[in-house]
Amino acid sequence: MRMLPFRISNLLASAVMMLLASFAGGMASSCSSGSESAAQLARAESLIVHSPDSAVSLLAEIDTTALSGNQRLRHRLLSSFSALLADGAELPLLDSCAIAEGNNAFSGRLDSDEVKWLLVKAADAERKANPVRRIELLKDAEFLAGQIDDRFDLGVIYRMLSRTYSDGYNAIVAKYYAEKAVGIFRELDSPSLVRKARLDIIGAICVERDYATMLDSMLALRDDMLAHASPSQRLEFLDNLARAYDSNGRTEVALEIWNSICNDSNANSNTLAHRALAYGRINRLDSALLLIRQANALPHNATDEYLCRNVEYKIYEKLGRSASLPRIDSLRSIAENKIFDEKRLQERSMAVNIKFESAIKTAWMEVARTRQRTLIAVFCTIILAFGAVALFIILRKRNRMLRLEHERDLYRLCALQNTLFESNSRNKEMSTRISEMFRDRFTLLDGLASAFFESHDTPHEQKRIYLRVRDSINDFSSETASRQLEALVNNYSSNLMEHFRSDFPSLSKAQYRLALYLFCGFSLQSISVFTGSSLRNLYVYKSRLKSVISNGDCSRKDDYLSFFN
């Protein structure tokens with residue numbers, strides 16, 4: 001009985017330790033799963049720029065049950081935003097509860113997430129047929145993206161504004177925004193979005209009813225679309241290309257394209273109505289009537305309803321069935337009235353622009369100024385706290401730079417002294433060579449004068465002088481004299497002979513010697529004496545050497561040829 005309290009206390013302690021261990025393990029696992037989920041969301045966001053389809057697939061694979069509340073909201077935001085850019089992705093419909101949660105999580109943050117949230121709400125307003133709310137949100141997002149310099153989201157905004165103004169039949173503004181989107185996506189190296197923005201430009205041209213320009217633009221984009229676009233995007237492009245051919249009077253080509261891409265699985269009332277209109281143009285009225293009946297049986301909006309009834313009216317008119325025309329005209333008028341009620345976006349958008357120039361933009365500027373004042377106060381505090389340290393670092397760096405500058409000046413002085421010393425050495429060597437050359441000439445003149453004096457008016461006078469001159473010429477023609485001449489030419493003509501040997505390494509020894517004598521300025525008569533060759537042969541050798549130099553591709557060709565004139 002005395003051991004019972006001790007055993008109970010041990011059991012309680014063990015239970016508490018187990019609970020603490022399980023709690024710690026759960027916290028560790030939740031932290032690891034939370035960090036992994038955050039990394040997956042960040043990776044999905046990075047994929048949106050270049051591959052929105054991959055971002056949609058990655059977000060669909062993330063287990064939302066392991067996400068926290070904020071991560072779940074951000075997962076919903078990124079899924080909706082990537083669905084805006086992906087091909088064939090369905091944008092989830094936002095109910096009032098989802099909009100309230102998104103507003104609480106993202107509104108007022110002045111960051112990229114708030115821009116994306118505004119774009120998602122704008123797309124939702126488009127689905128709910130509220131064009132004025134749609135353009136209000138897009139203008140709001142445009143201003144915020146410009147304030148935070150969010151280039152990618154700004155390009156998406158320009159695309160959505162372009163499509164909005166195309167729906168409102170304002171082609172000029174739609175084309176302006178689409179061209180700005182093309183520039184941004186090219187800057188960000190996103191070819192898929194560049195193609196889509198170029199398609200928006202074509203849509204704006206279609207609103208202008210400039211069908212010739214539209215066809216030229218689509219033909220310029222065709223190869224790129226067929227090679228790189230997704231299957232759904234290619235089908236949409238070929239459908240629009242067929243409509244462009246049909247609008248430019250090339251109905252047979254348009255029908256060939258439609259027949260190659262259209263089937264029961266991808267048929268819609270708009271495309272079937274255009275095909276029926278094309279068959280009506282070439283008087284194949286049975287096919288046209290069959291297609292327009294299929295189009296009327298499919299679900300469509302007021303615009304497609306008006307198109308279908310208009311095409312049906314033309315077909316029945318050509319068939320001569322006047323009894324059915326009043327009924328079709330009545331249905332066409334009803335659809336036209338619906339379109340008129342829905343398509344007054346151009347006037348409304350101008351009023352929205354005026355409003356954003358005043359009230360909304362003023363509010364954003366006030367928020368920005370408040371944020372700027374806060375940042376200025378923080379920066380002033382930081383500057384005052386680290387001012388002394390910064391001044392010390394600047395002064396220390398300045399002293400170091402002055403010391404380095406002084407050492408650099410000393411190095412330059414030493415280098416200058418070495419250069420002067422080397423120059424003096426070269427000048428002394430050159431002076432010595434020149435003195436030797438003049439001394440040799442004076443020695444030659446002195447010897448000739450002595451010989452002339454000793455043999456003057458004797459029978460051996462001419463013979464002795466001739467022998468002395470011949471010996472001097474033979475000495476001048478020796479290898480030693482040639483090397484001395486080459487050294488003088490290199491020194492006085494910027495290494496001319498050295499460059500000549502490197503530019504023409506395959507010449508013979510005799511050709512090098514002929515070039516040396518020509519560079520020294522000797523006449524062919526003198527060269528004939530030095531080399532023992534006839535003057536006629538020297539003319540031939542000189543011409544051949546000149547031809548070799550002329551056919552060469554060296555940069556000093558003109559310098560060499562100047563000695564051959």
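Any value given below was found using the heavy atoms of this structure, including those in side chains, with hydrogens, waters and symmetry copies removed. Note that the numbering runs from 1 along the sequence shown for the chain. A quick note: this is a predicted structure, and the numbers were derived from the prediction, not measured.
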Engineer: Once the angle between the rings of Tyr165 and Tyr177 is folded into 0 to 90°, is it parallel (under 30°), tilted (30 to 60°) or perpendicular (over 60°)?
Structural biologist: parallel
Engineer: Do the side chains of Met160 and Val156 get nearer than 4.5 Å, heavy atoms only?
Structural biologist: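 Touching, per the 4.5 Å side-chain cut-off.
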Engineer: To the nearest 0.5 angstrom, please state how far the CD atom of Glu256 sits from the OG atom of Ser260.
Structural biologist: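 OG of Ser260 is found 8.5 Å from CD of Glu256.
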Engineer: Please lay out, stage by stage, how Arg408 and Glu405 fare under the test salt bridge (charged side-chain N to carboxylate O under 4.0 Å, His left out).
Structural biologist: CA-CA 5 Å; Arg408 193 181 299 114; Glu405 188 69 24; 2.4 Å; yes
Engineer: Would you mind reporting whether Leu298 and Leu272 have side-chain heavy atoms less than 4.5 Å apart?
Structural biologist: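 A side-chain contact under 4.5 Å exists here.
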Engineer: Is it true that, when you exclude Asp286 itself, more than 12 heavy atoms of the residues, nucleotides or ligands shown sit nearer than 6.0 Å to its CG?
Structural biologist: no
Engineer: With side-chain contact (heavy atoms from CB on, under 4.5 Å) as the test, would you mind laying out the steps for Arg275 and Thr271 before giving the verdict?
Structural biologist: CA-CA 6 Å; Arg275 290 179 65 193; Thr271 301; 4.3 Å; yes
Engineer: Would you indicate whether the side-chain heavy atoms of Leu238 and Leu226 approach each other to under 4.5 Å?
Structural biologist: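 Of all side-chain heavy-atom pairs linking Leu238 with Leu226, at least one is under 4.5 Å.
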Engineer: Apply the test salt bridge (charged side-chain N to carboxylate O under 4.0 Å, His left out) to residues Glu126 and Arg163: give CA-CA distance (whole Å), side-chain angles for both, the deciding distance (0.1 Å), then the verdict.
Structural biologist: CA-CA 11 Å; Glu126 179 184 4; Arg163 295 199 301 271; 5.2 Å; no
Engineer: With heavy-atom distances below 4.5 Å as the criterion, would you say the side chains of Lys121 and Leu118 are in contact?
Structural biologist: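 Yes - at least one pair of side-chain heavy atoms lies under 4.5 Å apart.
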Engineer: Taking the side chain as everything from C-beta on, heavy atoms only, tell me whether Ile393 gets closer than 4.5 Å to Arg396.
Structural biologist: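 Side-chain contact under 4.5 Å: no.
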Engineer: Set out, in order, the CA-CA distance, both residues' side-chain angles and the distance that settles side-chain contact (heavy atoms from CB on, under 4.5 Å) for His274 and Trp258, then state yes or no.
Structural biologist: CA-CA 10 Å; His274 279 89; Trp258 270 320; 3.8 Å; yes
Engineer: Tell me, please, which residues at least two apart from Ile148 pass side chain to side chain contact (heavy atoms under 4.5 Å, CB included).
Structural biologist: Val115, Leu144, Asp150
Engineer: Has Ser162 got a side-chain atom pairing as donor or acceptor with Ala174's backbone, closer than 3.5 angstrom?
Structural biologist: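 Yes; judged by distance alone, with no hydrogens or angles, the pair exists.
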Engineer: Side chains of Arg195 and Pro191, heavy atoms from C-beta outward: is any pair under 4.5 Å?
Structural biologist: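 When only atoms from C-beta onward are counted, Pro191 and Arg195 do touch, with a gap below 4.5 Å.
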Engineer: Answer whether the closest heavy-atom distance between the side chains of Leu219 and Leu241 falls below 4.5 Å.
Structural biologist: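 Counting from C-beta outward, Leu219 and Leu241 do come under 4.5 Å.
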Engineer: Flag the pair Tyr279 / Leu285 as yes when at least one side-chain heavy-atom distance between them is below 4.5 Å, and no otherwise.
Structural biologist: no
Engineer: Verify the neighbour count for atom CG of Leu404: are there more than 12 heavy atoms of other residues, nucleotides or ligands below 6.0 Å?
Structural biologist: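 Correct, the count exceeds 12.
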Engineer: Do Ser112 and Asp153 have side-chain atoms, one donor and one acceptor, less than 3.5 Å apart?
Structural biologist: yes
Engineer: Could you list the donor-acceptor pairs under 3.5 angstrom formed between side-chain atoms of residues 178-188 and any protein atom two or more places apart in sequence or on another chain?
Structural biologist:
{"from": "Lys180", "atom 1": "NZ", "to": "Tyr158", "atom 2": "OH", "distance (Å)": "3.1"}
{"from": "Lys180", "atom 1": "NZ", "to": "Tyr176", "atom 2": "OH", "distance (Å)": "3.3"}
{"from": "Glu187", "atom 1": "OE1", "to": "Arg151", "atom 2": "NH2", "distance (Å)": "3.0"}

Engineer: Count the heavy atoms of every other residue, nucleotide or ligand shown that sit under 6.0 Å from CZ of Arg400, and state whether that count exceeds 12.
Structural biologist: no
Engineer: I'd like to know if Arg243 and Asp239 make a salt bridge, using a cut-off of under 4.0 Å between side-chain N and carboxylate O.
Structural biologist: yes
Engineer: Does the distance from a Lys or Arg side-chain N to an Asp or Glu carboxylate O, for Arg133 and Glu136, drop under 4.0 Å?
Structural biologist: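 Looking at Glu136 together with Arg133, the answer is yes, because their closest N to O distance falls below 4.0 Å.
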Engineer: With a 6.0 Å cut-off (strictly less than), is the heavy-atom count around CG of Asn70, excluding the residue itself, greater than 12?
Structural biologist: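 No.
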Engineer: May I ask you to say whether Arg293 pairs ionically with Glu312, meaning some side-chain N is under 4.0 Å from a carboxylate O?
Structural biologist: no
